[in-house]
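Worksheet: the structure to be examined is printed underneath.
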Amino acid sequence: VVYHAPKDIRVEDVPVPECGPGEIRVKVDACAVCGTDLKSFLKGNPRLKPPIVMGHEFTGLIDIVGDSVTGFAVGERVTMATSISCGQCYYCRRGWGNLCVDIAPMGFSYPGGMAEYVLIPERAVSRGHVVKVPADMNPVYAAMSEPVSCAVNTAGNCGIKAGDTVVVIGAGPLGIMNLLVARALGASKGILAQREGK
C-alpha cells in the first residue's frame, strides 16, 4: 500500500527489499491501519516522504538477519517501537528518544509494514526499537502492540492504581485500549465518553 499524495494511495508491486549489514528483513503477516494512516489519506502528512509504503503497526517473522546483528534469529516474531530516534540529539542523549529532533518513523521516513516484506533499518536495530514477540501470539494481537504501548505509557504518566476511577474521552480504538489498560492496572471504575454523532 503506497502513499503518493492525499487521496492517492495505491496497491502496487514493490521490490522485495535487500537486507544489508545491521538490518533485519521481516515477512509481514499482520499490519493495522492507524488513525494517522486515515488522516494521511484524507489530508496528507508533512512527515510522509512519498512515494512510500505505509504502515507502522505491524508484526512478522524474521526472514533475514543482516551481518553484525546479534540477538535475533530467522523465524522469530518481532514488532517495533516504530518512531526511530537518532541517538545523537540533545533529547536522545538524555534518554528522551520520544522527543528526538530527527525522529524517523516506519511508514513515513522508511517503508512500512503494508507490504509482504519490511526492512528494519540499522538505526532501529542498533537503537533497540525491535521487540521480540512470543511465537504463539496471534499476529493480529502482536500488530496492536504499538498502540497498546501508547495506552500503557498514558496510564503510567497518569499514575493509575488499584481502586481509581478513570475517565477516557474518545471511544475509538485507542480510547478503548486506554480503558482496558486502566482496568488491567486495577482501576475499579471506567467511564468512556464520546461526543454524540462521532
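Just so we're clear, the structure is a prediction, and the values are computed from it rather than from any experiment.
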> Which pairs count as ring-ring contact (aromatic ring centres under 6.0 Å, His included) when at least one residue sits in residues 104-161, sequence neighbours excluded?
Replying inline: His56-Phe108

>> For residues 57-100, which residue pairs pass the ring-ring contact (aromatic ring centres under 6.0 Å, His included) check, not counting sequence neighbours?
In response: none

> What are the two closest non-hydrogen atoms of Met80 and Ala124, and how far apart are they?
Replying inline: CE-CB, 3.6 Å

> Which heavy atom in Ala135 sits nearest to a heavy atom in Arg77, and how many Å separate them?
Replying inline: O-NE, 4.3 Å

>> Treating Arg25 as the side-chain partner and Val65 as the backbone partner, does any N or O pair qualify as donor plus acceptor under 3.5 Å?
In response: no

Show which side-chain atoms of residues 144-155 pair as donor or acceptor with protein atoms under 3.5 Å away, not counting sequence neighbours.
unit_1, atom_1, unit_2, atom_2, d
Ser145, OG, Thr79, OG1, 3.4
Ser145, OG, Ala142, O, 2.9
Ser149, OG, Glu146, O, 2.6
Thr154, OG1, Cys150, O, 3.0

>> Nearest 0.5 angstrom please: Leu174 CG to Leu179 CG, how far?
In response: 12.0 Å

>> Can you tell me which residue among Asp63, Val130, Ile120 is in a side chain to side chain contact (heavy atoms under 4.5 Å, CB included) with Val26?
In response: Ile120

>> With clusters defined by side-chain heavy atoms of hydrophobic residues (ILVMFWY) lying less than 4.5 Å apart, directly or transitively, does Val53 cluster with Leu48?
In response: yes

How about [X] and [Y]: do any of their side-chain heavy atoms sit closer than 4.5 Å?
| X | Y | result |
| --- | --- | --- |
| Leu119 | Pro111 | no |
| Val2 | Ile9 | no |
| His4 | Pro51 | yes |
| Met106 | Ile84 | yes |

